[in-house]
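Below: one structure, written as structure tokens.
Every heavy atom of this structure was used, including side-chain atoms; hydrogens, water molecules and symmetry mates were not. For clarity, every value in this text was computed on a predicted model and none was experimentally measured.
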Amino acid sequence: MQVGDLVEIAKWCKNKGRIAIVVDAPDWDKNAVKIMYLDQHPAATEKLGLFGSRALRENLVLLSSSEKPEK
């Protein structure tokens, strides 16, 4: 997974079915990414000083890749 991918939270998770976008995929953490839920206003997390939520890659279902198709 990479920044810009559209994902859905897996059915076995607390936030199952919520749609999010990957906002950070650090090279040093191969098991997790940071996501931003699309149904939550960004100002709600900015007030807390946070940018995105940590999610395990195995708990995300890739809906759309941010990769551009080759011509």
Heavy-atom closest pair, residues Ala32 and Pro26: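 The answer is O-CD, 4.3 Å.
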Closest non-hydrogen atom pair between Val22 and Ala25, with its separation: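 Here Val22 and Ala25 meet closest at CG1-CB, 4.4 Å.
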Under 3.5 Å, side-chain donor or acceptor atoms of residues 6-15 against the rest of the protein: list the pairs with distances, not counting sequence neighbours.
residue, atom, partner, partner atom, Å
Trp12, NE1, Asn59, OD1, 2.8
Asn15, ND2, Tyr37, OH, 3.2

Residues that Arg57 engages under salt bridge (charged side-chain N to carboxylate O under 4.0 Å, His left out), provided they are two or more places apart: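 Scan of Arg57 (salt bridge (charged side-chain N to carboxylate O under 4.0 Å, His left out), adjacent residues dropped) gives none.
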Single-linkage hydrophobic cluster Val61~Ile21, side-chain heavy atoms < 4.5 angstrom: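 Unlinked, Val61 and Ile21 end up in two clusters.
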Interatomic spacing from OG in Ser53 to CE in Met36 - rounded to 0.5 Å: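 Going from the OG atom of Ser53 to the CE atom of Met36 covers 7.5 Å.
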Reported CZ-to-CG distance for the pair Arg18 and Asp39, which is rounded to 0.5 angstrom: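 Reported value, rounded in 0.5 Å steps: 4.0 Å.
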Residue that, paired with Val33, satisfies side-chain contact (heavy atoms from CB on, under 4.5 Å) out of Asp5, Leu60, Leu56, Val3: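 Testing Val33 for a side-chain contact (heavy atoms from CB on, under 4.5 Å) against Asp5, Leu60, Leu56, Val3 leaves exactly one candidate, Leu60.
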Set of residues satisfying side chain to side chain donor-acceptor pair (under 3.5 Å) with respect to Asp24, sequence neighbours excluded: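 Side chain to side chain donor-acceptor pair (under 3.5 Å) check on Asp24 returns nothing, list empty.
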